Amino acid sequence: MRGLDFVAASCGHRYTSGMCHHYVGAKKHPELYAGAFDIHSTLFEFTLPNYWPLSKVPIIRPNDNGEREMVPAEWGLLPFWWKPTDKAPKRSGFQRKCFNAKSEEVDKKPSYREAFKRRRCLMPAEEFFEKGHYFHLPDFTPFAFAGLWERWRHGEETVESCTLLTTEPNELVKSVGHHRMPVLLTNEEQYAQWLNPDIVERKVLEPLFLPTDPATMEFYKAPEK
DNA sequence: CCAGACGTTGTT
DNA sequence: GTCTGG
DNA sequence: CCAGACGTTGTT
DNA sequence: GTCTGG
């Protein structure tokens, strides 16, 4: 059994669910990420290859020297201003509603607009899941979701979290009956533009949000449980 | 003013 | 205990 | 995966 | 933190 078949067979998902809420990272080949994303310091220790909302996932962001670093973050963005209340005492309740961000409005939403200006990141992946199908690039080449990250502090506790942008589906994703898809970045030029701190206007970054050319993607049906 | 929201996709 | 929404 | 829900009638 | 609906 090939590694990816094992991943697909072992993940226990439900096939009716929607949203961009399940993807596959690398379990045994972080060096692929380092090569594909030009990482200068790799601090992250990989855990499971399957990620769902609230999983710890690797993100790539510029550090203070402008070099890219890979660090862990919780998938589900927690804004810096979030506070617990009697009605919503746990941050996980908020975070599990913030694992996708609409690219069309990401610069306007209170939860995302500050991170959009100054805290963009890459979320490395090899496959993403929609409607019972895994989508990937030829040879499972690593790519990145366009992501945002945030830092939340409360007393002694610090939480770093992230979210991924969504856009219209291309024909391939439409063909399985889904109405949105993640924004995919697939080459160094796109990575560099997305992480460029001098760009803060959504309009300038908008070309990155176009649905990926379906001719450059492949997919397969997840095995029945 | 002040309490309450601040989110997404898909489905009803 | 089991299902499901995120 | 895993946190959170899981129920009804009647009243506000 | 900031905006909006009441």
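Lettering of chains follows the sequences in order, A, B, ..., and the numbering in each one begins at 1. Because the structure is predicted, anything quoted here is derived from the model rather than measured.
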Assess the side chains of N50(A) and H22(A): does a donor N or O sit below 3.5 Å from an acceptor N or O?
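Yes, a side-chain donor-acceptor pair sits under 3.5 Å.
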Does a side chain donor of either E127(A) or Y220(A) reach within less than 3.5 Å of an acceptor in the other side chain?
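Result is yes, a qualifying pair exists.
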Would you list the protein and nucleotides 3-6 of chain D atom pairs, both N or O, that sit under 3.5 Å from each other?
residue	atom	partner	partner atom	Å
dA3(D)	O4'	R96(A)	NH2	3.0
dG4(D)	OP1	S92(A)	OG	3.3
dG4(D)	OP2	K90(A)	NZ	2.5

Check whether any side-chain nitrogen or oxygen of H178(A) sits under 4.0 Å from OP1 or OP2 of dG10(B), and answer yes or no.
yes
Does T166(A) make a side-chain N or O approach to OP1 or OP2 of dT9(B) shorter than 4.0 Å?
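For dT9(B), OP1 or OP2 has a side-chain N or O of T166(A) closer than 4.0 Å.
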Roughly, in whole Å, what's the span from [atom1] in [X] to [atom2] in [N]?
| X | N | atom1 | atom2 | value |
| --- | --- | --- | --- | --- |
| K109(A) | dT8(B) | NZ | C1' | 9 Å |
| W52(A) | dC1(D) | CH2 | P | 6 Å |
| K117(A) | dG1(E) | NZ | P | 15 Å |
| H22(A) | dC1(D) | NE2 | C1' | 8 Å |
| K108(A) | dT2(E) | NZ | C1' | 15 Å |
| W75(A) | dG5(C) | CH2 | C1' | 13 Å |
| E105(A) | dT8(B) | CD | P | 7 Å |
| Q95(A) | dC2(D) | CD | P | 15 Å |

How about N187(A): does its CG atom have over 12 heavy atoms from other parts shown lying under 6.0 Å from it?
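Yes, enclosed.
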Would you say CD of E157(A) has more than 12 non-hydrogen atoms from neighbouring residues, nucleotides or ligands within 6.0 angstrom?
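Buried by this count: over 12 neighbours within 6.0 Å.
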Restricting to non-hydrogen atoms, name the atom on R151(A) and the atom on T158(A) that form the minimum distance, rounded to 0.1 Å.
CG-CG2, 3.8 Å
For E218(A) and F135(A), run side-chain contact (heavy atoms from CB on, under 4.5 Å): C-alpha distance rounded to whole Å, both residues' side-chain angles, the deciding distance at 0.1 Å, then the answer.
CA-CA 6 Å; E218(A) 298 174 3; F135(A) 295 83; over 6 Å; no
From [options], nucleotide with atom closest to [X] side chain:
| X | options | answer |
| --- | --- | --- |
| A101(A) | dT8(B), dG10(B), dG1(E) | dT8(B) |
| R113(A) | dT2(E), dG10(B), dT9(B) | dT2(E) |
| K131(A) | dT11(B), dT8(B), dC1(D) | dT11(B) |

Same-atom distance (P) from dA5(D) to dA5(B), integer angstrom:
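Straight-line distance between the two P atoms is 16 Å.
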Separation between the P atoms of dG10(B) and dC3(C), rounded to whole Å
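Pairwise P distance, dG10(B) against dC3(C), rounds to 25 Å.
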Can you confirm if the NZ or CZ of R119(A) lies within 45° of the ring axis of F116(A) and under 6.0 Å from the centre of its six-membered ring?
no
If a pair satisfies side chain to side chain donor-acceptor pair (under 3.5 Å) and one of its residues is in residues 77-87 of chain A, list it, with sequence neighbours excluded.
none
Please walk me through it: do M181(A) and T166(A) pass side-chain contact (heavy atoms from CB on, under 4.5 Å)?
CA-CA 5 Å; M181(A) 68 177 284; T166(A) 64; over 6 Å; no
5'-to-3' dot-bracket of DNA chain D (Watson-Crick, G-U; under 3.5 angstrom; crossing pairs as [ ]; | other strand)
||||||......
Does a salt bridge link E160(A) with R61(A), judged by any charged N lying under 4.0 Å from a carboxylate O?
yes
